[in-house]
Amino acid sequence: MDAYAPQKKERVFGDVVLSVDDISLSFGGVQALANISFGVREHQVLAIIGPNGAGKSSMLNVINGFYHPQQGTITYKGETRRQMKPHQAARQGVARTFQNIALFKGMSTLDNIMTGRNTMMHRNLLWQALHVGPARKEELEHREFVENIIDFLEIEHIRKTPVGRLPYGLQKRVELGRALAAQPELLLLDEPMAGMNLEEKEDMSRFILDVNDEFGTTIVLIEHDMGVVMDISDHVVVLDYGRKLADGSPDEVRSNQEVIDAYLGVAHD
Amino acid sequence: MEFLTAIFVTPFVEIVSYPIFFFEVVIGGLLAGVMYSLVALGFVLIFKASGVFNFAQGAMVLFAALTLVGLMEHGLPWWLALLLTIAVMVLLAITVEKVVLRKLVNQEAIILFMATIGLSYFLDGFGQTIWGSDVKVLDLGIPSAPLEFGGILVNEFDIVAAVSAGSLVAVLAVFFQKTRIGRALRAVADDHQAALSVGIPLKTIWAIVWSVAGLVGLVAGIMWGTKLGVQFTLTLVALKALPVLILGGFTSIPGAIIGGLIIGMGEKVAEVFWGAAFGGAIEDWFAYMLALVFLLFRPQGLFGDKIIERV
Amino acid sequence: MLYREAGQFKSSYDEDQAIFPILQDRIMLAIVLIVAFVAVPLLFNEYWLSTIMLPFLVFSLAALGLNLLTGYAGQLSLGTGGFMATGAFAAYKLAVAFPEMNIIIVFLLSGVITAGVGVLFGIPSLRIKGFYLAVATLASQFFLIWMFNKFPWFTNYSSSGVISAPPRAVFGDYFVTGSSASPQAKYLFALAFVALLALAAKNIVRSHIGRGWMAIRDMDIAAEIIGIKPLQTKLGAFAVSSFYCGISGALWAFIYTSSVEALAFDITRSFQILFMVIIGGLGSVLGSFLGAAFIVLLPILLSNAPTMVGLNISVDLISHMEFMIMGALIIFFLIVEPHGLARLWQVAKEKLRLWPFPY
Amino acid sequence: MRGSRPAIREKDFGIWQTWNWAQTEKEIRALACGLAAYGFERGDRLAIIGDNRPQLYWAMVAAQYDGGVPVPVYQDSVAEEMQYVLEHADARFAIAEDQEQVDKLLEIKDRCPRLEHIIYKDQRGMRDYNHPFIHYIEDVQEKGRQYDAEHPGYAEGKVNEGKGSDIAIMLYTSGTTGKPKGVMLSHDNLIITARNGAIQEGLTENEEALAYLPMAWVGDNLFSLSQAYVAGFCVSCPESSETVLTDLREIGPTYFFAPPRIFENILTTVTIRMEDAAPFKQRMFKYFMELAKRVGTRILDGEQVSFMDRLRYMAGNILIYAPLKNVLGFSRFRVAYTAGEAIGPEIFDFYRSLGINIKQLYGSTEASVLITTQPNGEVRPDTVGKPCLDVDIRIEDNGEVMFKSPGVFVGYYKNEEATAETKTSDGWVHTGDAGFFDADGHLKIIDRAKDVGKLTDGSMFAPKYLENKLKFFPFVKEAVAFGNEKDYVATFINIDLEAVGNWAERRNLPYSGYTDLADRDDVYDLVQECIEKVNVDLAADEHLSGSQIRRFLILHKELDADDGELTRTRKVRRNFIADRYQELIDALYSDKSHIRVEAEVTFEDGRKGMIKADVKIREAAMTTVQPMKEAG
């Protein structure tokens, strides 16, 4: 088999698409992030790691505009900003998933993923009330797109199941589907594999790599499982108590003394 | 132009010209506010301990007053009637816990809210079925002569009401701070699991809270009943406690008291000095508008913590 | 059991997304419509049409409106009565000011005006949530009713504060409002309105707009992060909901009672409609109708029950007992099925589809 | 003529994607030209590997279009099995459904030197497979369309070159022994047989069929391809093998074919699901099923039934039968065939009593399927019916059934010897089955001719007959009977994990898996009951009363195709099992009450492991021959 095995191509990255410069964030005196800077290049998979409370989720929240840092700037696609609303970030092509699943519990898988396309659907209320012509056409076009995602994530069988009834692993997958529906250029994944068994983790890793590969999506992810991080990321940023400990390729980070020290102090799975 | 003058000029001119009258209005408002606080207190107790937005608090006020008056009409001495009414309110609390709350324990908040509306319908109907729907006079012999303090006229009854309310709050404070049950109640508000570890079953706690809320309702019922007569409109007075709640926060006892004072005073002052500009009777909605405007600037209420949203 | 779905496969998304994808449901809908449009006006007497069917239709529409806001968009409102009053008075002022205007246009415009008022009172929803919002909506309830009561301009200076619907006709001389209109005409007119608006509501809730509402309802933060604008979405829900409530109020004033005062839309009306929504089922168009039917029929049943079994009780007592039983029934209902009649229907349907299997 | 009617559907992306006949023709032509563009020539073989997919059916026809021969391969074959077929068939081209199958092909490519081109249908995961010999099907079709435009008349010419006697397809029979053989069927074989079948059952273009059985099975080829093309009806491909039952319900076919095990599985699920129903529903179900058992089949066969019973049956139809059939997706069946092996009479009658026109069919790959079927109104559980149109049948002296028909195969590919063994020079084919015609002219099959043996006391021993009888019990999944030239009959049993597991759960018996369950005494009791019932039945038959089962054991592992114990169509490989479990057989014919064994198993991912177990052996009660029979 090896003779004909598919050849993994040399990974090629574009320019820096997202740059985080000197970000500090605090909540009523508690410093969550302190002078964090790093850059993400187009088509890269970047992992943010660090112990609990290191400020990883806060970092994602800053990137997509949910938290407003007291200091520092975010430059995304050449545009520098300090304050913006999350829905504006979404419209600029940033999508994300959440550490604690944030699906719309009362809706089906299909409808959840369809909400990911809401920013692209424009027919107004009157058209929708009549459900004719352009409104119907628009709805069907987007449904077709969403069906591709459903197929991609292999969740056909739960298409019409209310997400509240799904097991955890599938909910995570639906959430990824919802983020993908927006055709993001930058995808933020907050612990996409937390609480999964080995098989589910493998599936999820495959989906993440496929997304990166097939659609060229730039990915920033937070993950605890070091095996997974080392396997799928091109670049790793290590946070510890709000500061940046290290920043480099998985191999560099693994051999960084400071990281080793920080991690030896903390029990890790 | 005339309208603007009526809003922005005339009232202030009047306030400055007749300061004594203004103070009388303010004090009258504050004293009425105390009674709003009483009703609001009942809401807060239950919301704090069980997360239930108890819409039936107003109905409990009416029911308690009706029962008291009804018993007295049957010739019972006031103290016996009072004791019996207290017993009835405790019985009611236990029944509500057994029949309603326990069955709905894990439902969404809105469902529990609806159940309390159902309960309020039931209590209104039940009270009137038993005691009839005529306006009844409640006379516990509280004096109501006007008194004068430094030129300001105050009704004696209002003073009594304020003092009663004040002592009730004090008693409650002691109850919550010093007794084991009181501490358990506070624990429940923070964390149901933690409360269980105190060793008091949740259902007992709920029954107690509803009993206490019933007693607070009884006090409010006596006050309002003496003032307005015991009748169906008492339940509407209870609605006035709602803006107090938004203002003070659903879980804060001091909030309920201070909110009540603010609403009572604001309402009176607005009615007396600005009412004319709007054609009168702005009492109906002023409290809500006041609370609403307030909320726009401070969504967490007077005493709530700033909400940090997490995802 | 009644469902025969084998062979009903979908070969396009259009078929798959139909409101009634199952043939048997379509047949049933057709039967219901035929009964409603043909059998009911032919067979029901005047009493039934004007004291049961008309209030049922008007309430259904109001419940539908509230359900869009509370059940779909998750914004709890206690101001429905105020919005109905707005619709009623707007329609009255429009109809009197422009006697030539088609009554259908009058109703739609009064809906639009109510929508505007709804948006205004929906603004606090951007900052406050849940019960805080519910209490805030009481402000609109009290303020609006006070306003219609206080300013005689709204009633064209009627001394009693009561407005009387002027007679208006559709299709030439087919009178549908006012005292001279036949109950059949009123009924059919209201039915057509309600049926079309219900269809529109269903279309809206299954569109991206409806999904936006439900997203905000289920998790507002996540909704915003995937790009749903909270401002537009919530105010949109307030607007559409108020539009429905407004038209319902207009139908009430013009078709159900023909004359009305602002107090008919007081706080108890708001609660009544909230009951319909809860008992019918939050987030269900069908539930709005079921809830309305339940709440309309229950008091009629309760007040007739004693005479039916031969008891002679004073009217006063009956009304108190009605209150009591109503309250008890609501609690009972919430305990038995907190998700309402629509859920019961859904469960029954699921069972019938799988019959004879249990799952 | 029927260009706009639907030709084929596939559940994909949530809906039934549909192609009409005109579109289908275009797709096939593009694919045929595309293959030609890559050098596919007349007589070349195209291997087809995957689940039932429209594109793979098109590939089959496209190969025939070019005058080549499609060779469908079982999609669950492991690489070695696939290698044998591809090598033996000299396939130059292969079309695979997805990455999984492409990987298998790549694994064996070096050992199949003639394999030149691999085409895949599903792009998923194929991004990095950029070898020049791997092509995406749509690219091939695109190239085909260019080729078609550049070579006018090519396509038409190719079609006209074809003759009816050309080889249309090569099907590898899994065979109970030895390496698979490539059965060559001609266009005439398929078309005439398909047409005869269609005439016999009155098939029209309005039929709906579900293509869910392996494409490498001759039945699928005849029913889903040949007959669809001859009669013009639409065939639907399920979304995946897991969703077949749901898809069956959605499509609601009118023309259906399934091996007995599928009907059996469905009946088992019905039973299990009904056990969880509310008591009143269960009582109702029981009542009406008993009624159906009594009068259902008679009503179906148009016999005389009392008015009250008819009325009751009508009520049952509203309350139970019709909804049940509907939920299963059976309500539109006009014709349903069961074939491949004997079906349990209980199962058969269950479906018949619901009013489903299910019939037995006897056929073989060498006959292009059809040999006998049961005509409407003459359906019995224990026969396989009368000869199909244009089929002649004769019984040899040793009881073997022989047939001659338009569907008789051309020969085994590269195996003259085997061809000569099976097909006589005047065109009669040995079926290898023993059977006889009953008084009504219905053929009755007892067993494989070579398997029918004798006990030492001379009584007849038909192992498959016994095994089938056992397998008709829901608790028994597989059975293997021994007894030829022995003193008595003994059997291996495989319990049905689902049915027995469910039974155990209802009794709150915890168990960890098959092996654990198989070892339990109460499970042994359960199986013993089944065996004793079979013995009672056997005792009633004068030929078979001697072959009652005396001793049995429950195997410690499930018989598995991956271990070579079953064929890919799940038939028992008797000799293989006899060799492998010699120890156990010896123990059955001793007086031991248990025996210790170790066995090697292959797990799903291909790893191998050992199972150790202590297997118990039980004696079953035998029924004495009834005096009535003796007297008669």
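In this text the structure is predicted, and so the values were computed from the model without any measurement. What's counted below: heavy atoms across the whole structure, side chains too, no hydrogens, waters or symmetry copies. Residue numbering restarts at 1 for every chain, and letters A, B, ... go by the order of the sequence lines.
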| task | Evaluate the criterion side chain to side chain contact (heavy atoms under 4.5 Å, CB included) for residue pair C:H208 and A:M114; output intermediate values, then yes/no. | result | CA-CA 8 Å; C:H208 71 95; A:M114 284 293 276; over 6 Å; no

| Tell me, side chain or backbone of A:N64 under 4.5 Å from chain C's heavy atoms, or both, or neither? | side chain

| query | Does A:F98 reach the side chain of C:I221, with side-chain heavy atoms less than 4.5 Å apart? | reply | no

| note | From the list C:L196, C:D16, C:I216, C:I228, the residue making the most non-hydrogen contacts under 4.5 Å with chain A is C:D16

| message | Taking every non-hydrogen pair under 4.5 Å, which of C:V205, C:L197, C:L199, C:I209 racks up the most with chain A? | response | C:I209

| field | Least distance between heavy atoms, C:R211 atom then A:D111 atom | value | CD-O, 3.6 Å

| request: With chain C as the partner chain, list the residues of residues 120-143 of chain A whose heavy atoms fall under 4.5 Å from it, by residue number, and write 'none' if nothing qualifies. | output: A:M121, A:H122, A:R123, A:N124, A:L125, A:Q128, A:A129, A:L130, A:H131, A:R136, A:E138, A:E139, A:L140, A:R143

| request: Could you check if a side-chain atom of A:F104 sits within less than 4.5 angstrom of a side-chain atom of C:M214, using non-hydrogen atoms only? | output: no

| request: Nearest 0.5 Å please: distance from the NE2 atom of A:H87 over to the OG1 atom of C:T233. | output: 9.0 Å

| What pair of heavy atoms forms the shortest contact from A:A102 to C:A222, and how long is it? | O-CB, 3.6 Å

| request: Might you confirm whether atom NZ of C:K10 has over 12 heavy atoms from other residues, nucleotides or ligands at distances under 6.0 Å? | output: yes

| said: For a side chain to side chain contact (heavy atoms under 4.5 Å, CB included) check, start with the C-alpha distance between A:L103 and C:M219, then their side-chain angles and the critical distance, and finish with the verdict. | reply: CA-CA 7 Å; A:L103 286 172; C:M219 193 167 273; over 6 Å; no

| Do other residues, nucleotides or ligands put more than 12 heavy atoms under 6.0 Å from A:K105 NZ? | yes

| task | Compare all side-chain heavy atoms of C:I226 with those of A:R178 and state whether any distance is below 4.5 angstrom. | result | yes

| message | Does any part of the side chain of A:M107, heavy atoms only, come nearer than 4.5 Å to the side chain of C:D218, both counted from C-beta? | response | yes

| said: Which atoms of C:A223 are under 4.5 Å from chain A, going by heavy atoms: the side chain, the backbone, both sets, or neither? | reply: both

| Quick one: of C:R217, C:K202, C:K229, who has the most non-hydrogen atom pairs under 4.5 Å with chain A? | C:K229

| request: Under 4.5 Å, heavy atom to heavy atom: which of residues 146-166 of chain A reach chain C? Give them by number, or say none. | output: A:E147, A:K160

| message | Using only atom types and a distance under 3.5 Å, with no angle test, would you say the side chain of A:R91 pairs donor to acceptor with the backbone of C:G227? | response | yes

